[in-house]
Amino acid sequence: MRQKAVSVGFLYPGYSAEDDYPAIERALNRSGAGEVSLPVVHTLMREDAHRVDALLDIGGADVLGEGARTLRGLGVTAAVWACTSGSFVFGWDGAAAQVAGVREAAGVPASSTSFAFVHAARALGLSRVAVAATYPADVAERFAGFLGHAGVEVVALSCRGIVTAAEVGTLGRDEVLAFVAANDHPDAEAVLVPDTALHTVSWLDELEARVGKPVLTANQVSVWEGLRLASGPGGLPPRTGLGRLFAVPAGVPTAVPAADSAAPAGGPAERGRHPWQL
């Protein structure tokens, strides 16, 4: 039996690999597990730069609030801020506050790509990962710190040093496959690839076949996270062709795990809810 249609909205900064979203939408709808709609709202990017000050502006409350209100008008059932660096650069608490703002403006459960990586790692039982980052080193190190806060150890961190999302978006299949394979590590249980400007969703199974382990990519986990939030108590049914992450059932957590215990007293964690849940 087909499930009822779900619509997950994405706030996407600028233009680079946004065509990953219609690509994964088509793949999901071909699976026959239920109709899925993945509308993308492009948010303002005053400067295209993987630099901390620029990223703080890209993920600012004014920018995301405007986009989230547009998603509210589209009637989506969940919303995701689809930018890894534009979320983890705020730190754990700042990223949680950022998502809470999206949730309030959109009026639906919300998350971001940074939290999506954490939840995806937990869903697959990962504790040690390699990170193949397109970013400069100072930005990539902040992602490693974000993962570490959640109890995920980064055993190898590689940085390609690309400054702009526009340049990242030009990397093709062969370059992406080679980049991920070159930056695996024997002690890593998976490879994480954190940049929504990087095209990956058409090659997820190829990436995993190349390294022989799960590969989590930014646009992949963003969609998985949004569908997980939108799927309700029944959780997200497994689907093939989109990597091991989509091949396992995934439910919506109702309480904050121990790794999230840094939330301030009296905050969402103490009330048994994630800060990004409605």
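Computed from heavy atoms alone, side chains included, the values below leave out hydrogens, waters and symmetry copies. Computed from a prediction, not measured in an experiment: that's the story for all the values here.
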Exam field: side chain [X] to backbone [Y], donor-acceptor pair closer than 3.5 Å:
X    : Y    : value
E208 : R244 : yes
T77  : S7   : yes
E25  : L38  : yes
H199 : G169 : yes
D195 : T134 : no
N219 : T196 : yes

Do [X] and [Y] share a hydrophobic cluster (ILVMFWY, side-chain heavy atoms under 4.5 Å, transitive)?
X    : Y    : answer
V163 : F179 : no
L216 : L207 : no
V80  : V193 : no

Using the salt bridge (charged side-chain N to carboxylate O under 4.0 Å, His left out) criterion, which residues pair with E47? Sequence neighbours excluded.
R51

Applying salt bridge (charged side-chain N to carboxylate O under 4.0 Å, His left out), name anything that partners R160, two or more places apart in sequence or on another chain.
none

Hey, does L64 have a side-chain heavy atom less than 4.5 Å from the side chain of Q98?
yes

Side chain to side chain, V41 and L74, heavy atoms closer than 4.5 Å
yes

Starting from the C-alpha separation in whole Å, work towards a yes-or-no answer on side-chain contact (heavy atoms from CB on, under 4.5 Å) for T113 and V221.
CA-CA 7 Å; T113 307; V221 301; 4.0 Å; yes

Under-4.0 Å salt bridge between R46 and D53
no

Any carboxylate oxygen within less than 4.0 angstrom of a Lys/Arg side-chain nitrogen, looking at R128 and D187?
no

Would you call the rings of F10 and Y21 parallel, tilted or perpendicular, where under 30° means parallel and over 60° means perpendicular?
tilted

Is the distance between the ring centroids of W92 and F115 under 6.0 Å?
yes

Does the ring center of F146 lie less than 6.0 Å from the ring center of F117?
no

Anything under 3.5 Å between a donor and an acceptor, one on a side chain of residues 82-89, the other on a protein residue two or more places apart or in another chain? List them.
| from | atom 1 | to | atom 2 | distance (Å) |
| --- | --- | --- | --- | --- |
| S87 | OG | C83 | O | 2.7 |
| S87 | OG | T84 | O | 2.8 |
| S87 | OG | S114 | OG | 2.6 |

